[in-house]
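Please read the structure below before turning to the comments.
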Amino acid sequence: MKWEGNRESDNVEDRRSGGGGGGLLGGRSIGIGTIVVALVGGWIFGINPMTILSLLSGGGTPTAQVQQGPAQRPPADDRMASFVSTVLADTEDVWKVVFTQGGGTYQEPRLVLFRGATATACGQGQAAMGPFYCPADQKVYIDLGFYETLQKKLGAPGDFAQAYVIAHEVGHHVQNLLGITGKMDQMRGRVSKVEYNAMSVRLELQADCFAGMWAHHAQRARAILEQGDVEEAMNAAAKIGDDALQRGGGGAIVPESFTHGSSAQRARWFNNGLQQGSVKACDTFSARNL
């Protein structure tokens, strides 16, 4: 992926050294996929992942670490922070144009770099959750250590695979701005768990499609893609499919418990957005077949 020398976003907050803002408990976060057996167990057995993570670490109920102080910018010589800042800037450029063409105004999200755990408006964020988006504070959270997990444990190397991760979470922000996330929350408790899981799959696949849509427009505007980039993103999408994660966790494949979509579905919808580049093409909620 061609990114060096491009604009970096100012909407990046670095909490890795203990700085940055805190958050209030409440709400829920939306993530690209979970990467530990605790969360796989949560999918299969219906247990709160936070509870499982706490039990595995020998602790009680997780407590948010409320951080104080002004928001800090990443160090200028931090190459990985520079990379994610550049990808975020590129998503800003794409979605500003898309929203403007649709008669709207794009509100930029903030991206928070943290290490281990951090407080959010959706509760305590933990590195083991993988990257996630919190609708309540409109922030994307990522522990950059996830990229090592993505490469070494999940088998999804490459800088464009890493960019896809950011673009997917920004896709959740777009859903929030469009009111889709709010409609999903209204359905919580009104439908069965299986039905809600099925809706959650459609939400996640749409975020995958929005990530592909970003790549489509970024390529047309700035020719960011290099040979092998699309394959990297497609591979990453497949590696974090519910079936792949459940299989990797040593458990049975339970489609009724899927909340993010299968490997094939995730790769297919990313490619949908990449090829067609339109919000209409990403209407997973109206699609008969995912």
Side-chain angles (χ1 to χ4, degrees), residues 9 11 23-33 88-112 120-123 125 129-142 164-218 237 258-261 265-266 268-270 272-274 276-290:
S9 175
N11 294 311
L24 301 175
L25 295 177
R28 68 186 185 94
S29 61
I30 305 172
I32 190 170
L88 183 66
D90 207 279
T91 65
E92 292 168 351
D93 293 342
V94 166
W95 286 110
K96 280 180 184 178
V97 172
V98 172
F99 270 66
T100 299
Q101 291 175 343
T105 302
Y106 182 61
Q107 301 171 24
E108 300 171 351
R110 289 187 66 81
L111 187 146
V112 178
T120 82
C122 297
M129 297 167 60
F132 62 92
Y133 171 71
C134 176
D137 57 22
Q138 296 192 7
K139 293 181 179 180
V140 172
Y141 292 85
I142 183 170
Y164 154 73
V165 168
I166 300 297
H168 172 97
E169 298 309 331
V170 171
H172 282 309
H173 176 65
V174 172
Q175 290 173 321
N176 191 28
L177 297 181
L178 295 177
I180 298 170
T181 306
K183 291 180 180 178
M184 275 285 295
D185 284 339
Q186 292 173 7
M187 297 304 295
R188 185 181 292 274
R190 297 184 183 181
V191 297
S192 70
K193 183 176 180 179
V194 171
E195 290 173 321
Y196 191 84
N197 284 350
M199 293 173 60
S200 179
V201 166
R202 292 179 183 270
L203 188 77
E204 293 294 335
L205 294 180
Q206 185 176 61
D208 283 329
C209 190
F210 283 164
M213 185 176 163
W214 156 73
H216 172 95
H217 289 280
F258 286 4
T259 56
H260 288 68
Q265 289 170 335
R266 300 201 70 166
R268 182 185 310 129
W269 280 98
F270 172 83
N272 229 33
L274 176 65
Q276 301 189 50
S278 71
V279 173
K280 184 177 181 180
C282 294
D283 185 5
T284 55
F285 290 92
S286 297
R288 290 187 176 183
N289 300 311
L290 295 177

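Note that the coordinates shown come from a computational prediction; the quantities given were computed from them, not determined experimentally. FYI, the numbering just counts along the sequence from 1.
Taking the side-chain hydrogen bond (donor to acceptor under 3.5 Å, both in side chains) definition, one finds that Thr284 meets it with nothing, sequence neighbours left out. Under the rule for a salt bridge (Lys or Arg N to Asp or Glu O under 4.0 Å), the partners of Lys96 that lie at least two apart in sequence or sit in another chain are Glu108. Take Ser192 and apply the side-chain contact (heavy atoms from CB on, under 4.5 Å) test, not counting sequence neighbours, and it matches Val194, Glu195. Evaluation of the side-chain contact (heavy atoms from CB on, under 4.5 Å) rule for Asn176 yields Tyr133, Pro135, Gln138, Thr181 as partners, not counting sequence neighbours. With sequence neighbours left out, the side-chain contact (heavy atoms from CB on, under 4.5 Å) criterion links Ala218 to Asp90, Val94, Trp214, Arg222, Ile224. Partners of Thr100 under the side-chain contact (heavy atoms from CB on, under 4.5 Å) rule, at least two apart in sequence or in another chain, do not exist in this structure.
In this structure the side chain of Tyr106 never reaches within 4.5 angstrom of the side chain of Val97, judged on heavy atoms. A 4.5 Å side-chain heavy-atom check between His173 and Thr91 finds every atom pair outside the cut-off. Using a 4.5 Å heavy-atom cutoff, the side chains of Phe210 and Gln175 are in contact.
Counting all heavy atoms, side chain and backbone alike, Gln206 lies closest to Cys282 at NE2-O, 3.1 Å. When every heavy atom of Leu177 is checked against every heavy atom of Gln107, the shortest pair comes out as CD1-O, 3.7 Å.
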Exercise. Would Arg266 and Leu205 count as a side chain to side chain contact (heavy atoms under 4.5 Å, CB included) if you check the C-alpha gap in whole Å, the side-chain angles of each, and the deciding distance to 0.1 Å?
Worked result: CA-CA 6 Å; Arg266 300 201 70 166; Leu205 294 180; 3.8 Å; yes

Problem set entry | Full working for side chain to side chain contact (heavy atoms under 4.5 Å, CB included) between Tyr196 and Arg190 | CA-CA 9 Å; Tyr196 191 84; Arg190 297 184 183 181; over 6 Å; no

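In terms of modelled atom types and a separation under 3.5 Å, the side chain of Trp269 and the main chain of Leu290 share a donor-acceptor contact. Remark: the backbone N or O of Gly277 is paired with a side-chain donor or acceptor of His217 at under 3.5 angstrom. When atom types are taken as modelled, the side chain of Arg110 and the backbone of Asp137 share no donor-acceptor pair closer than 3.5 angstrom.
Side-chain contact of His168 with Glu204: a donor-acceptor pair under 3.5 Å is present, judged by distance alone.
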